[in-house]
Engineer: 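Okay, handing you the structure first.
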Amino acid sequence: MSEFIFLYRRPAKNWTPQQMQESMQKWQAWFKKMEQSGHLANYGHPLEPKGGRVVKDKKGGYNDGPYAETKDIVVGYSVITAKDYDEAVALTNEHPVFDQEGMIEIRPIFTM
């Protein structure tokens with residue numbers, strides 16, 4: 001089995017408390033499914049949707065981000081185990097981020 005990082009991207013949105021609760025229940029159900037099937041290596045963490053910096057050089061030069069012109073921002077990540085890319089893609093089926101106009105970027109984790 002290989003490990004893949006799932007980077008969750010979606011447009012910035014103001015959530016009502018009820019919407020947030022409903023969303024969290026769907027995410028928790030998806031994580032539970034991944035855990036029970038042996039595909040969840042690490043839950044990961046949600047990321048603060050505001051702020052962030054991109055460091056550009058050794059001297060610490062940076063730009064503020066995420067940027068206003070960026071439609072989809074990374075809102076979190078998880079580490080998933082799968083036999084290959086095809087299985088990793090199949091595991092995104094029914095993920096709640098798609099209900100939020102989002103997407104999942106899948107990247108293999110390089111083992112050293």
Side-chain angles (χ1 to χ4, degrees):
M1 294 289 254
S2 298
E3 290 188 332
F4 296 85
I5 191 163
F6 281 21
L7 297 171
Y8 306 113
R9 298 177 177 271
R10 67 169 173 74
K13 180 180 177 182
N14 292 323
W15 296 82
T16 67
Q18 181 177 349
Q19 289 172 319
M20 181 63 84
Q21 183 178 9
E22 290 170 1
S23 175
M24 288 305 296
Q25 288 172 345
K26 290 178 183 179
W27 281 73
Q28 289 170 344
W30 186 85
F31 281 125
K32 184 176 182 179
K33 180 180 170 184
M34 289 298 102
E35 189 171 41
Q36 289 174 340
S37 64
H39 291 288
L40 183 63
N42 186 313
Y43 279 94
H45 293 282
L47 302 175
E48 180 63 43
K50 297 177 183 174
R53 292 185 176 168
V54 177
V55 180
K56 302 183 334 180
D57 57 44
K58 292 185 218 181
K59 296 178 184 175
Y62 67 88
N63 289 338
D64 287 330
Y67 308 103
E69 65 271 9
T70 301
K71 181 182 176 199
D72 298 304
I73 59 172
V74 177
V75 296
Y77 70 93
S78 298
V79 179
I80 303 296
T81 59
K83 64 182 177 184
D84 55 27
Y85 256 125
D86 290 335
E87 184 176 37
V89 169
L91 291 171
T92 66
N93 188 24
E94 299 179 14
H95 194 284
V97 77
F98 300 124
D99 297 333
Q100 302 166 353
E101 301 175 31
M103 64 184 83
I104 301 172
E105 178 181 343
I106 301 172
R107 303 284 304 273
I109 294 176
F110 182 71
T111 304
M112 297 178 64

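Since this is a predicted model, take the numbers as computed values, not measurements.
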Engineer: If you round to the nearest 0.5 Å, how far is CD of Glu3 from CG of Asn42?
Structural biologist: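 Atom-to-atom, Asn42:CG and Glu3:CD are 8.5 Å apart.
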Engineer: Clusters formed by hydrophobic residues whose side-chain heavy atoms approach within less than 4.5 Å: which one holds Met112, and what are its other members?
Structural biologist: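 Result for Met112 is Phe110.
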Engineer: Considering only Ile, Leu, Val, Met, Phe, Trp and Tyr, and joining two whenever side-chain heavy atoms are under 4.5 Å apart, list the other residues clustered with Met20.
Structural biologist: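 Direct or chained contacts put Met20 with Trp15, Met24.
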Engineer: If you take all heavy atoms of Thr81 and Leu40, which pair is closest and at what distance?
Structural biologist: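 In this case the closest contact between Thr81 and Leu40 is OG1-N, 4.5 Å.
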Engineer: Could you list who else is in Met1's hydrophobic cluster, with ILVMFWY side chains joined at under 4.5 Å, directly or through other members?
Structural biologist: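 Members alongside Met1: none; it stands by itself.
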Engineer: What heavy-atom pair brings Asp84 and Phe4 nearest, and what distance separates the two atoms?
Structural biologist: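 The pair with the smallest heavy-atom distance is C-CZ, 3.6 Å.
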Engineer: List the residues meeting side-chain hydrogen bond (donor to acceptor under 3.5 Å, both in side chains) with Ser78, not counting sequence neighbours, and say none if there are none.
Structural biologist: Tyr8
Engineer: Quick check: do Ile106 and Phe6 have side-chain heavy atoms less than 4.5 Å from each other?
Structural biologist: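 Answer yes - side chains close enough.
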Engineer: For Gly60 and Val55, which heavy atoms make the closest approach, and how far apart are they?
Structural biologist: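 Heavy atoms of Gly60 and Val55 come nearest at CA-CG1, 4.2 Å.
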Engineer: Rounded to the nearest 0.5 Å, what's the gap from OG on Ser23 to CZ on Arg10? Could you check?
Structural biologist: 7.0 Å
Engineer: Report the hydrophobic cluster partners of Tyr77, with the cluster defined as I, L, V, M, F, W, Y residues connected by side-chain heavy atoms closer than 4.5 angstrom, directly or transitively.
Structural biologist: Ile5, Leu7, Leu47, Val74, Val79, Ile109
Engineer: Same cluster or not: Ile73 versus Met103, using hydrophobic residues (I, L, V, M, F, W, Y) connected whenever any side-chain heavy atoms lie under 4.5 Å apart?
Structural biologist: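 No; tracing contacts between hydrophobic side chains, which count when under 4.5 Å, never links both residues.
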Engineer: Show which side-chain atoms of residues 87-99 pair as donor or acceptor with protein atoms under 3.5 Å away, not counting sequence neighbours.
Structural biologist:
unit_1: Glu87; atom_1: OE1; unit_2: Lys83; atom_2: N; d: 2.6
unit_1: Thr92; atom_1: OG1; unit_2: Val89; atom_2: O; d: 2.6
unit_1: His95; atom_1: ND1; unit_2: Val97; atom_2: N; d: 2.9

Engineer: Quick check for you: to the nearest 0.5 Å, what is the distance between His39 atom NE2 and Phe31 atom CZ?
Structural biologist: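 Result: 14.5 Å between the selected atoms.
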